[in-house]
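Report on the following structure.
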Amino acid sequence: MAEAIQKKLQAELEKYQQLQKDVSKSMSARQKLEAQLTENNIVKEELALLDIQNTVYKLIGPVLVKQDLDEAKATVSKRLEYINGEIQRYETLLKEMERKSEQHREVLSSLQQEYQRAQGQAVGKV
């Protein structure tokens, strides 16, 4: 009996560890998005300081290409919308992972207690 519980415990522990790895990856991706958000907000602020006489260039590969100011502002705004949407998506994903993680912790805890009881019964029989 203790062996079956131990196998269930090991399998649940592996699932929990994989979930923790996924949480770590998602947190890392979210941090990158936060950095991009900050960078794009700075670009948006700088573009707001310019007027129509200023020249804006966009880096495409190794070449700087002249770009319309309004087009540059629109591009940055769309990028900010996308980044904010992705951050929201990761927030939802992380909350769901945290909920699953809590469930795994509860299952692990109950399995550990069950395993300890089973070992105690086995020792009592010997």
Side-chain angles (χ1 to χ4, degrees):
M1 168 130 175
E3 288 179 29
I5 295 171
Q6 185 178 15
K7 286 180 182 178
K8 284 173 70 176
L9 183 64
Q10 185 64 32
E12 194 65 31
L13 183 61
E14 287 172 8
K15 288 179 190 175
Y16 180 74
Q17 289 172 338
Q18 182 60 46
L19 184 61
Q20 293 303 311
K21 287 179 185 177
D22 292 344
V23 166
S24 179
K25 287 178 186 176
S26 294
M27 289 290 284
S28 177
R30 188 185 179 288
Q31 287 174 338
K32 288 178 184 177
L33 285 169
E34 288 288 341
Q36 289 177 356
L37 181 68
T38 302
E39 181 181 318
N40 279 279
N41 276 325
I42 292 169
V43 170
K44 184 178 180 179
E45 290 172 10
E46 291 297 318
L47 288 175
L49 298 174
L50 301 177
D51 60 23
I52 206 73
Q53 280 105 18
N54 295 110
T55 306
V56 177
Y57 293 95
K58 180 177 183 175
L59 184 65
I60 299 177
V63 179
L64 284 175
V65 178
K66 196 172 186 177
Q67 187 178 30
D68 182 50
L69 179 60
D70 292 332
E71 185 181 332
K73 287 180 180 180
T75 301
V76 171
S77 292
K78 285 180 184 176
R79 196 174 304 133
L80 284 169
E81 282 180 37
Y82 173 76
I83 292 170
N84 281 319
E86 284 296 295
I87 288 173
Q88 283 301 114
R89 189 175 69 80
Y90 274 102
E91 284 293 322
T92 304
L93 182 67
L94 286 168
K95 285 179 185 175
E96 179 64 22
M97 286 180 174
E98 184 59 38
R99 187 185 62 75
K100 285 181 182 178
S101 180
E102 185 61 35
Q103 288 175 342
H104 280 292
R105 279 194 290 268
E106 290 172 7
V107 169
L108 282 170
S109 177
S110 67
L111 283 172
Q112 283 176 327
Q113 291 171 359
E114 196 177 324
Y115 179 67
Q116 289 170 349
R117 279 195 297 270
Q119 278 187 324
Q121 289 174 353
V123 170
K125 289 181 181 177
V126 173

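Between Leu13 and Leu108, the shortest heavy-atom contact is N-CD2, 3.6 Å.
The neighbour count for Lys73 NZ, taken as heavy atoms of other residues, nucleotides or ligands under 6.0 Å away, is above 12.
One hydrophobic cluster holds both Leu94 and Leu37 under the rule that ILVMFWY side chains link at heavy-atom gaps under 4.5 Å. Hydrophobic clustering (ILVMFWY, side-chain heavy atoms < 4.5 Å, transitive): Val43 and Leu64 are in distinct clusters. If you chain together hydrophobic residues whose side chains sit under 4.5 Å apart, Val23 and Leu33 fall into the same group. The same ILVMFWY cluster, assembled from side-chain heavy atoms under 4.5 Å apart, contains both Tyr57 and Leu59. Residues Leu93 and Leu19 fall within the same hydrophobic cluster, defined by Ile, Leu, Val, Met, Phe, Trp and Tyr side chains chained together at heavy-atom separations under 4.5 Å.
Under a 4.0 Å N-O distance rule, the pair Arg99/Glu102 does not qualify as a salt bridge. Using a 4.0 Å cut-off between a side-chain N of Lys or Arg and a carboxylate O of Asp or Glu, Lys95 and Glu98 do not qualify as a salt bridge. A salt bridge is absent between Lys7 and Glu3; no separation between the charged side-chain nitrogens and carboxylate oxygens falls under 4.0 Å.
Here the CD atom belonging to Glu91 is positioned 11.0 Å from the CG atom belonging to Asn84, to the nearest 0.5 angstrom. Here the straight-line distance linking atom NE2 of His104 with atom CE of Met97 works out to 10.5 Å at 0.5 Å rounding. Summarising the geometry, atom CD1 belonging to Ile87 is positioned 11.0 Å from atom CD belonging to Gln31; distances are rounded to the nearest 0.5 Å. Taking NZ of Lys15 as the reference point, atom NZ of Lys100 lies at 11.0 Å (rounded to 0.5 Å). Here the straight-line distance linking atom NZ of Lys8 with atom CG of Leu111 works out to 6.0 Å at 0.5 Å rounding.
There is no side-chain donor-acceptor pair under 3.5 Å between Asn41 and Glu45. Looking at Thr75 and Arg79, their side chains never bring a donor and an acceptor atom within 3.5 Å of each other.
Between the side chain of Ser28 and the main chain of Ser24, no donor-acceptor pair closer than 3.5 Å is present. Using a distance-only test at 3.5 Å, with no hydrogens or angles considered, a donor-acceptor pair links the side chain of Asn54 to the main chain of Asp51.
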List the steps, then state whether side-chain contact (heavy atoms from CB on, under 4.5 Å) holds for Glu14 with Gln10.
CA-CA 6 Å; Glu14 287 172 8; Gln10 185 64 32; 3.5 Å; yes
Applying salt bridge (charged side-chain N to carboxylate O under 4.0 Å, His left out), run through Glu86 and Arg89 and close with a yes or a no.
CA-CA 5 Å; Glu86 284 296 295; Arg89 189 175 69 80; 3.0 Å; yes
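Between Tyr90 and the options Met27, Arg30, Glu34, a side-chain contact (heavy atoms from CB on, under 4.5 Å) holds for only Arg30.
At a threshold of 4.5 Å between non-hydrogen side-chain atoms, the residues Val56 and Asp68 do not count as touching.
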